[in-house]
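Notes to accompany the following structure.
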Protein chains: 2
Amino acid sequence: MKISTKGRYALSIMIQLGRVYSEGEYLSLTEISEREHISLKYLEKIMISLKKADFFLVQKGKEGGYLLKKDPSEISIGSIIRAAEEELDVVDCVKSGGCPKKNQCGTYPLWKGLSEEINLYLDSKFLKEYL
Amino acid sequence: MKISTKGRYALSIMIQLGRVYSEGEYLSLTEISEREHISLKYLEKIMISLKKADFFLVQKGKEGGYLLKKDPSEISIGSIIRAAEEELDVVDCVKSGGCPKKNQCGTYPLWKGLSEEINLYLDSKFLKEYL
DNA sequence: GTAATTCCTACTAAATTAGTAGTAAAATAG
DNA sequence: CTATTTTACTACTAATTTAGTAGGAATTAC
């Protein structure tokens, strides 16, 4: 039951972007890589997942980088971790489609409940609190 | 953020033992293996972890097996999953000893809080509810 | 046009999780 | 007392997931 380093690094990226958000300047992965001591190549890979959540304005080329679209007070930690980890459910049967036997399954409510608990907790925390 | 199959199978074992608890008879892994369609060898391995939590009375040899020491209403799901998964913390820095920088770490409270949330939830559910 | 950057595809390595195999030791029924 | 059933112990192997790297194409500011 571990959060992956991908998830933790994703949060680091978002924290760095959150810190410069008010300045309205684009921050490059090279810069984040140096500040957080994470390889540029790995950050690029993590960024692929994060971009799907539509968190950023992107500026290619020199002086380019990423800029948050929303204020850090409006970005939940849950939305970040879900984007990075792809999902935040403790068992696969919980997700849409899921297990066909879920209604007969005695432990399904347990895992469903736990997944909801985790998502609720992480959705109650916002990026701004961790800058 | 998945519960491992080891954790889920551990719960299956406990559910089977919980169902026969009141009869006071020992239930063998061979029997559980057939009822749950899990290989005997794998169950043996999972049992090594569960035994550390001191859940069972053990009877070797013919007609032997395992018998719960406590009533299923007194065995929390948290204690089962912690025994099987070894720990239930979302990051390593949370556990005793843990990361030396935890007091300077901005996200430590987040992961600590989430781990507590998960443990609290699973400790509020008891085996009896899933028999 | 050059340097800095994102974007894209494809790999490789490491670690964890899942599962198997064989045998020894204990206990009981008969 | 012996055959059988069961746990206990030790050591593997296989599969899957996670972590991390490599190289180059496209884009843009200066």
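Chain identifiers are assigned alphabetically (A, B, ...) following the order of the sequence lines, protein sequences preceding nucleic acid strands; residue numbering begins at 1 within each chain.
- In this structure, B:Ser28 does not reach the D:dT5 phosphate: none of its side-chain N or O atoms is under 4.0 Å from OP1 or OP2.
- Only B:Lys45, listed by number, bring a heavy atom of residues 44-57 of chain B to less than 4.0 angstrom from any atom of DNA chain C.
- Neither OP1 nor OP2 of C:dT17 sits under 4.0 Å from any side-chain N or O of B:Thr5.
- B:Thr107 places no side-chain N or O within 3.5 Å of a backbone atom of B:Leu110 that could act as its donor or acceptor partner.
- Side-chain atoms of A:Ser28 do not come within 3.5 Å of backbone N or O of A:Gly64 as any donor-acceptor pair.
- Here the side chain of B:Glu85 pairs no donor or acceptor atom with the backbone of B:Arg82 at under 3.5 angstrom.
- At the heavy-atom level, B:Tyr9 lies under 4.0 Å from the strands shown only through sugar-phosphate atoms.
- Note: NZ (A:Lys6) to P (D:dA19) measures 9 Å, nearest angstrom.
- Between the P atom of D:dT6 and the NZ atom of B:Lys62 lies a distance of 8 Å, rounded to the nearest Å.
- DNA chain C is contacted by both B:Tyr42 and A:Gly64; A:Gly64 maps to the nucleotide lying nearer its 5′ end (nearest heavy atom per residue).
- Distances shorter than 4.0 Å separate some side-chain N or O of B:Ser39 from OP1 or OP2 on C:dT20.
- Heavy-atom nearest nucleotides on DNA chain D were determined for B:Met1 and for A:Gly61, and the one closer to the 5' end corresponds to B:Met1.
- Of the listed nucleotides (C:dT6, D:dC9, C:dT17), C:dT17 has the atom at the smallest distance from the side chain of B:Ser4.
- How far OG of B:Ser79 is from CG of B:Asp123: 7.0 Å, rounded to the nearest 0.5 Å.
- The separation between A:Gln59 atom CD and D:dC30 atom C1' is 13 Å, rounded to whole Å.
- Remark: C1' of C:dT6 and CD of A:Glu31 are 16 Å apart, rounded to the nearest angstrom.
- Summarising the geometry, the separation between CD on A:Glu63 and P on C:dT2 is reported as 18 Å, rounded to the nearest angstrom.
- We find that CD of A:Glu25 is positioned 15 Å from P of D:dA29, with the value rounded to whole Å.
- Panel note: side chain B:Lys2, backbone A:Asp89; a donor-acceptor pair is recorded below 3.5 Å.
- Here C:dA15 presents its P atom at 23 Å from NZ of B:Lys2, a figure rounded to the nearest Å.
- Nucleotide C:dT16 holds its C1' atom 13 Å from the CD atom of B:Glu86, rounded to whole Å.
- For A:Lys128, the NZ atom counts as loosely surrounded, since its 6.0 Å shell holds 12 or fewer non-hydrogen atoms of other residues, nucleotides or ligands.
- With 3.5 Å as the limit, one finds a donor-acceptor pair spanning the side chains of A:Ser49 and A:Lys6.
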